[in-house]
Amino acid sequence: MDEQALLGLNPNADADFRQRALAYFEQLKISQDAWQVCAEALAQRIYRDDHIKFFCFQVIEHQIKFKYSELTEVQQQLIRETLVTWLQAQMLNPQPEKTFIRNKAAQVFALLFVTEYLTKWPKFFFDILSVVDLNPQGVDLYLRILMAVDAELVDRDVVHTSEEARRNTLLKDTMREQCIPSLVESWYQILQNYQYTNAELTCQCLEVVGAYVSWIDLSLIANERFINMLLGHMSVEVLREEACDCLFEIVNKGMDPIDKTKLVESLCQVLQSAGLFSIDQEDDVDFLARFSKLVNGMGQALITSWTKLVKSGDMKSAQDTLQAIEAKMALMLQLLIHEDDDISSNIIGFCYDYLHILKQLSVLSDQQKANVEAIMLAVMKKLTYDEEYNFEHEGEDEAMFVEYRKQLKLLLDRLAQVSPELLLASVRRVFNTTLQNWQATRFMEIEVAIRLLYMMAEALPVSHGAHFSGDISKASALQDMMRTLVTSGVSAYQHTSVTLEFFETVVRYEKFFTVEPQHIPNVLMAFLDHRGLRHTSPKVRSRTAYLFSRFVKSLNKQMNPFIEDVLNRIQDLLELSPPENGYQALFSSDDQLFIYETAGVLIVNSEYSAERKQVLMRNLLTPLMEKFKVLLEKLMMAQDEDRQMALADCLNHAVGFASRTSKAFSNKQTVKQCGCSEVYLDCLQTFLPALSCPLQKEVIRSGVRTFLHRMIICLEEEVLPFIPSASEHMLKDCEAKDLQEFIPLINQITAKFKTQVSPFLQQMFMPLLHAIFEVLLRPAEENDQSAALEKQMLRRSYFAFLQTVTGSGMSEVIANQDAENVERVLFTIIQGAVDYPDPIAQKTCFIILSKLVELWGGKDGPVGFADFVYKHIVPACFLAPLKQTFDLADAQTVLALSECAVTLKTIHLKRGPECIHYLQQEYLPSLQVAPEIIQEFCQALQQPDAKVFKNYLKVFFQRAKP
């Protein structure tokens, strides 16, 4: 071996050596006999360096995995002997090999097992057992090999081909027949031999039993001698976690419901008599987490049995099983309420499924009602934050608690389905008790009280949030709690979690304020002062900005008396943050978007006259326009790239804020009706000059383009005079992405204004197309995936544009171009339908072709178009689906074929018998289609039902393709 290269295997070696080692590994992988050198090195223990040993195993692993079939019988025998020799040597080693080497060796053994067990090495396990006997180092390797074999055969995380899956099934079947009883016996011997002397081996063996239980005959393990030994391990501190997991796998195994109930009950009896059912908070939490998982498994197994028994009509056994389930309630509750969330989380499944049983029972017993209430109280207690929760810097622990809370919420929702009245009464009691004396209560208790009220909105579902009408008792309970929430003064509590929960709940139950509008002023003040938008915490300010916009939107009818006051109070929050370094704004630009939207909603939905609305809207937008002009001048002068970026972002924000205010308008309250057209036209005049700014083009164009999209919706035809110059600027030196984003704007104008914009479209049609063709024809690197994708997306956008033009009844835009340009456009559509393997674009091209045939394909169509139909459109309908890349198993491609069928139907509709004659006499014979198939094709095409032809066409091409 190359000793120099081997030096690079050491993780501390320098980069050059490591590089050389990698290259050497690649070289050995393709070499014919390198594996033999490695096999010899392992068998004769030539190297002592661990990394070299690992390396040798890797080379052999590669040989078995990818090149085993190339070896002769003798060479395969050599690999088997090498591994057995290496295993024998381990028995004599004074020190076991490092864990990573043992694991790699086990993987190599497992690979060889999978390859040879069914053919050359049926005695695989017996040979290994005869070598290792009960030698501890040997047993360790034997157990690792068993785990590696299990991973090869049943690991759910590994994706197997159907061939591998079939092979694995055959391997397991053969093992069950030939060696599993012997393996189980060896496990029993190992456990018995080492349970008091070698905890590590015992735990490894328990892990093996747990893994294999899922696919071997359960009676081999679920019998007296094995179970008694496992239950014995439950009392041994170093073994009990693995014993728990092993019992869990046994309980999890599918079996007859009555037998399963008996098995679980016998386990429970022994566990209970061993004192394991009385949970002490001080106990070892790692063990309790495993024990909780075991109890959850036992509970869910009993519930599955109950469900099966009820289905089969065996009500007596089902009743016995339900009693067994309910006997576990006290234990389940102790685990659910445990202060460690992992222990609690592990039992939630059992709890949830138990409530599902209760939901199916028509009447609950007193005990069952008591169980429901106990679960309810446990959930309320466990929802509470603990002292350590870090609200300002939420890390992994906090994220885990948030996930755990989601699980508890599911339990709460299920409780509401079982007994809504009981849940509401319990929440009300907790809520009122807590809020009566909130000043002297810890934050987490107040937060959870408000949180419970918030959660009731989803737990007790109603349509459209109508919680305060309908069921009187429920409505009055929620109304009372909401009244208490907004009048108690708890919004002033000094903790971010309480503040946020207050605002979330107020917005969740906005319908309350239509019933009791007298509370709106107080809540508005909470939003506007130091409790909300001016809170010291950025997190609270940010969330409140969003919640405030929702609150105002949903209650816009009730807002009229407060509009000017609110607008005055948020005036300073609307200021555009200057692009200076180190300036600490109260809000991010995303948060400010919500505040601008809120201001817009207040003005637009007010009961003011149009004149007053215009004044208010001008007051809102003028500062933005003035700032925009100043910043644009600064950008033109800026030299430094970072400074340019900061200014461009700021300009973009200004445009974005103006755009956002326009979201307040609707069909009932248009810009025109509100008298605000002039203000927005002024904005357009202010923003559009930025398009000619040569710096930071992408950012600025993107913002102005979005504003134009909004104005096309809001200003209608008043926006049209601005479109030509804006388009001209946006088509100057543009990239694929610019065009891709510009085309939807033109599509929007075309679809909305149709013939009104026909002259403009005719004028800019070819400049736009030249810009597109220029970008598409630019050379790109062969392997440049992103450039290829950008071109594909641009091509799609181009065809979408042509589809919009033809589909909006504006085909004259194309027809009125020069003849050679019209021809060029038509050929690009044919090319798109046939040449590019992109079914989305192909579908669009066939839609355009159908439309053009419909418009121009008749007797009075443009000169030469009928000729084009037969020379190019008809062939496209056949050449595209015949391509190898046209995959009829792909859903998008089938849609493209469907449009291809429509195109052929439209040609037949417009040209009649002439089309059939052309297909029969000229075109299809030129493709060497058999006469009877031609006949069949033409008959299908003439069927009045288009669906018949679509289905036929798919079959036609499936037959035609090799």
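Atoms considered below: every heavy atom in the structure, side chains included; atoms not considered: hydrogens, waters and symmetry mates.
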Engineer: Give, for atom CZ of Phe628 and atom CG of Leu635, the distance between the pair rounded to the nearest 0.5 Å.
Structural biologist: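 Those atoms lie 9.5 Å apart.
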
Engineer: Tell me the closest heavy-atom pair linking Cys734 and Leu731, and the distance in Å.
Structural biologist: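 Closest approach of Cys734 to Leu731: SG-O, 3.4 Å.
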
Engineer: Does Cys877 have any side chain to side chain contact (heavy atoms under 4.5 Å, CB included) partners at least two apart in sequence or in another chain, and if so, which?
Structural biologist: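 Cys877 satisfies side chain to side chain contact (heavy atoms under 4.5 Å, CB included) with Phe846, Cys900, Thr903, Leu904 only.
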
Engineer: Less than 4.5 Å apart, any side-chain heavy atom of Gln685 and any of Phe722?
Structural biologist: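 Side chain of Gln685 against side chain of Phe722, heavy atoms only: contact under 4.5 Å found.
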
Engineer: Looking only at atom types and distance, does a side-chain atom of Gln842 sit under 3.5 Å from a main-chain N or O of Ala833, one as donor and one as acceptor?
Structural biologist: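 Indeed, once roles are kept as given, a pair shorter than 3.5 Å links the two residues.
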
Engineer: Between the side chains of Arg824 and Glu820, is the shortest nitrogen-to-carboxylate-oxygen separation below 4.0 Å, so that they form an ion pair?
Structural biologist: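 Looking at Arg824 together with Glu820, the answer is no, because their closest N to O distance does not fall below 4.0 Å.
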
Engineer: Distance from Gln673 atom CD to Ser666 atom OG, nearest 0.5 Å?
Structural biologist: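 Between Gln673 CD and Ser666 OG, I get 8.0 Å after rounding to 0.5 Å.
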
Engineer: Within the distance-only criterion (no hydrogens, no angle test), does the side chain of Gln817 pair as donor or acceptor with the backbone N or O of Val813 below 3.5 angstrom?
Structural biologist: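 Looks like yes, one N/O pair under 3.5 Å.
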
Engineer: Would a 4.5 Å heavy-atom cut-off, applied to side chains only, mark Pro724 and Met764 as touching?
Structural biologist: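 Not touching, per the 4.5 Å side-chain cut-off.
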
Engineer: Would you say Met645 has more than 12 foreign heavy atoms packed within less than 6.0 Å of its CE?
Structural biologist: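 Check fails, neighbour count at 12 or below.
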
Engineer: Check this for me: does any side-chain nitrogen of one of Glu394 and Lys539 sit under 4.0 Å from a carboxylate oxygen of the other?
Structural biologist: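 Here Glu394 pairs with Lys539 in a salt bridge, since their nearest N and O are under 4.0 Å apart.
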
Engineer: Report the C-alpha separation of Val955 and Asn951 in whole Å, then their side-chain angles, then the decisive distance to 0.1 Å, and conclude whether the side chain to side chain contact (heavy atoms under 4.5 Å, CB included) test is met.
Structural biologist: CA-CA 7 Å; Val955 175; Asn951 293 338; 5.9 Å; no

Engineer: Grab the two heavy atoms, one from Gln592 and one from Leu574, that are nearest each other, plus how far apart they are.
Structural biologist: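 Answer, listing the atom of Gln592 first, then Leu574: NE2-C, 3.7 Å.
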
Engineer: Would Glu790 and Ser786 satisfy side chain to side chain contact (heavy atoms under 4.5 Å, CB included), going step by step from the backbone distance to the final call?
Structural biologist: CA-CA 6 Å; Glu790 279 200 337; Ser786 68; 5.6 Å; no

Engineer: Using 0.5 Å steps for rounding, measure from the CZ atom of Phe886 to the CG atom of Leu897.
Structural biologist: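 Taking CZ in Phe886 and CG in Leu897, the distance rounds to 5.0 Å.
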
Engineer: For the pair Glu633 and Lys629, find out whether any cationic side-chain nitrogen is under 4.0 Å from an anionic carboxylate oxygen.
Structural biologist: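 No.
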
Engineer: Would you say the ring centroid of Tyr923 lies under 6.0 angstrom from that of Phe878?
Structural biologist: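 Here the rings of Phe878 and Tyr923 have centres that are less than 6.0 Å from each other.
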
Engineer: List, one per line, each side-chain donor-acceptor pair under 3.5 Å for residues 743-754, sequence neighbours excluded.
Structural biologist:
| from | atom 1 | to | atom 2 | distance (Å) |
| --- | --- | --- | --- | --- |
| Gln748 | OE1 | His709 | ND1 | 2.5 |
| Gln748 | NE2 | His709 | O | 3.1 |
| Thr750 | OG1 | Ile746 | O | 2.6 |
| Lys752 | NZ | Glu716 | OE2 | 3.3 |
| Lys754 | NZ | Ala751 | O | 2.9 |

Engineer: Do Leu802 and Phe765 have side-chain heavy atoms sitting under 4.5 Å apart?
Structural biologist: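 Heavy-atom side-chain distance check passes, below 4.5 Å.
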
Engineer: Please check if the side chain of Ser898 supplies one atom and the backbone of Val894 the other of a donor-acceptor pair under 3.5 Å.
Structural biologist: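 No.
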
Engineer: Before giving the answer on side chain to side chain contact (heavy atoms under 4.5 Å, CB included), spell out for Leu631 and Leu576 the whole-Å C-alpha distance, their side-chain angles and the decisive distance to 0.1 Å.
Structural biologist: CA-CA 11 Å; Leu631 289 168; Leu576 198 60; 3.8 Å; yes

Engineer: Which pairs would a plain distance check flag for residues 851-861, meaning a side-chain donor or acceptor within less than 3.5 Å of a matching protein atom at least two apart in sequence or in another chain?
Structural biologist:
none

Engineer: Are the side chain of Lys791 and the backbone of Ala780 linked by a donor-acceptor contact shorter than 3.5 Å?
Structural biologist: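 The answer is no, because no donor-acceptor pair under 3.5 Å joins these two groups.
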
Engineer: When the aromatic ring centroids of Phe949 and Phe937 are compared, is their separation below 6.0 Å?
Structural biologist: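 Close enough - the centres of the two rings lie under 6.0 Å apart.
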
Engineer: Is Leu720 close to Gln756 at the side-chain level, that is, under 4.5 Å between some pair of heavy atoms?
Structural biologist: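 Yes - at least one pair of side-chain heavy atoms lies under 4.5 Å apart.
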
Engineer: In terms of heavy-atom contacts, does CD of Gln831 have more than 12 from other residues, nucleotides or ligands at under 6.0 Å?
Structural biologist: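 Result for CD/Gln831: enclosed.
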
Engineer: If only atom types and distance count, is the side chain of Lys905 paired as donor or acceptor with the main-chain N or O of Gln943 below 3.5 Å?
Structural biologist: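 The answer is yes, because a donor-acceptor pair under 3.5 Å joins these two groups.
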
Engineer: Would you call Glu575 and Pro623 a side-chain contact if the rule is heavy atoms closer than 4.5 Å?
Structural biologist: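 No, every pair of side-chain atoms sits at 4.5 Å or beyond.
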
Engineer: Any chance you could lay out the side chain to side chain donor-acceptor pair (under 3.5 Å) test for Lys672 and Ser677, step after step, and finish with the verdict?
Structural biologist: CA-CA 6 Å; Lys672 225 176 212 160; Ser677 303; over 6 Å; no

Engineer: Evaluate Tyr870 against Glu914 for side chain to side chain donor-acceptor pair (under 3.5 Å), listing each step before the verdict.
Structural biologist: CA-CA 10 Å; Tyr870 290 126; Glu914 170 194 293; 2.5 Å; yes

Engineer: How long is the gap from CG on Leu586 to CZ on Arg541, to the nearest 0.5 Å?
Structural biologist: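 Reported to 0.5 Å precision, the distance equals 5.0 Å.
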
Engineer: Using a 6.0 Å cut-off, check whether atom NZ of Lys737 has over 12 heavy atoms from anything other than its own residue.
Structural biologist: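 Counting neighbours around NZ of Lys737, 12 or fewer heavy atoms of other residues, nucleotides or ligands fall under 6.0 Å, so no.
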
Engineer: How long is the gap from OG1 on Thr828 to CG on Asp835, to the nearest 0.5 Å?
Structural biologist: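 The CG atom of Asp835 is 11.0 Å from OG1 of Thr828, to the nearest 0.5 Å.
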
Engineer: Quick one: sort the His770 and Phe773 rings into parallel, tilted or perpendicular, breaks at 30° and 60°.
Structural biologist: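 Ring orientation of His770 relative to Phe773: perpendicular.
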
Engineer: Sub-3.5 Å donor-acceptor pair from the side chain of Ser808 to the main-chain atoms of Val805, do we have one?
Structural biologist: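 Pair absent, no side-chain N/O of Ser808 close to backbone of Val805.
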
Engineer: Determine whether Phe594 and Leu547 make a side-chain contact, defined as any pair of heavy atoms from C-beta on separated by less than 4.5 Å.
Structural biologist: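 A side-chain contact under 4.5 Å is absent here.
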
Engineer: Give the intermediate values and the outcome of side chain to side chain donor-acceptor pair (under 3.5 Å) for residues Ser758 and Gln762.
Structural biologist: CA-CA 6 Å; Ser758 181; Gln762 287 183 46; 3.1 Å; yes

Engineer: A quick test of your reading: do over 12 heavy atoms of other residues, nucleotides or ligands sit less than 6.0 Å from CD of Gln763?
Structural biologist: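 Counting neighbours around CD of Gln763, 12 or fewer heavy atoms of other residues, nucleotides or ligands fall under 6.0 Å, so no.
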
Engineer: Is the count of non-hydrogen atoms from other residues, nucleotides or ligands lying under 6.0 Å from Lys663 atom NZ greater than 12?
Structural biologist: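 12 or below, so no.
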
Engineer: Which heavy atom of Thr893 sits nearest a heavy atom of Asp887, and at what distance?
Structural biologist: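 Between these two residues, the closest heavy atoms are CB-O, 3.1 Å.
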
Engineer: I need the minimum non-hydrogen distance between Val679 and Met625, along with the two atoms involved.
Structural biologist: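 That closest heavy-atom pairing would be O-CE, 4.1 Å.
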
Engineer: Crowded around Glu698 CD? As in, over 12 foreign heavy atoms under 6.0 Å?
Structural biologist: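 At most 12 heavy atoms, drawn from other residues, nucleotides or ligands, come within 6.0 Å of this atom.
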
Engineer: Are the side chain of Gln942 and the backbone of Cys938 linked by a donor-acceptor contact shorter than 3.5 Å?
Structural biologist: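 Present.
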
Engineer: Got Pro694 and Met636 here, is their nearest side-chain heavy-atom distance under 4.5 Å?
Structural biologist: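 Touching, per the 4.5 Å side-chain cut-off.
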
Engineer: In terms of side-chain geometry, is the basic nitrogen of Glu735 or Lys697 positioned less than 4.0 Å from the acidic oxygen of its partner?
Structural biologist: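 Between Lys697 and Glu735 there is no salt bridge, as every charged N stays at least 4.0 Å from the carboxylate O atoms.
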
Engineer: May I ask you to test the Ile723-Leu708 pair for a side-chain heavy-atom distance under 4.5 Å?
Structural biologist: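 When only atoms from C-beta onward are counted, Leu708 and Ile723 do touch, with a gap below 4.5 Å.
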
Engineer: Could you go through the side chain to side chain contact (heavy atoms under 4.5 Å, CB included) check for Leu919 and Leu941 one step at a time?
Structural biologist: CA-CA 11 Å; Leu919 286 169; Leu941 180 57; 3.6 Å; yes

Engineer: Where do Arg701 and Glu741 land on the salt bridge (Lys or Arg N to Asp or Glu O under 4.0 Å) test, with the steps shown first?
Structural biologist: CA-CA 10 Å; Arg701 282 182 180 181; Glu741 288 170 355; over 6 Å; no

Engineer: Between Arg796 and Asp838, does any NZ, NE, NH1 or NH2 come within less than 4.0 Å of an OD or OE carboxylate oxygen?
Structural biologist: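 Salt bridge present between Asp838 and Arg796.
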
Engineer: Centroid separation under 6.0 Å, is that true for the rings of Tyr680 and Phe665?
Structural biologist: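 So the answer is yes for these two rings.
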
Engineer: About how many Å separate CG of Leu849 and CD of Glu899, when rounded to the nearest 0.5 Å?
Structural biologist: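 Separation between the atoms: 10.5 Å.
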
Engineer: So does Lys553 pair up with Glu597, basic N to acidic O under 4.0 Å?
Structural biologist: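 Looking at Lys553 and Glu597, the cut-off is met.
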
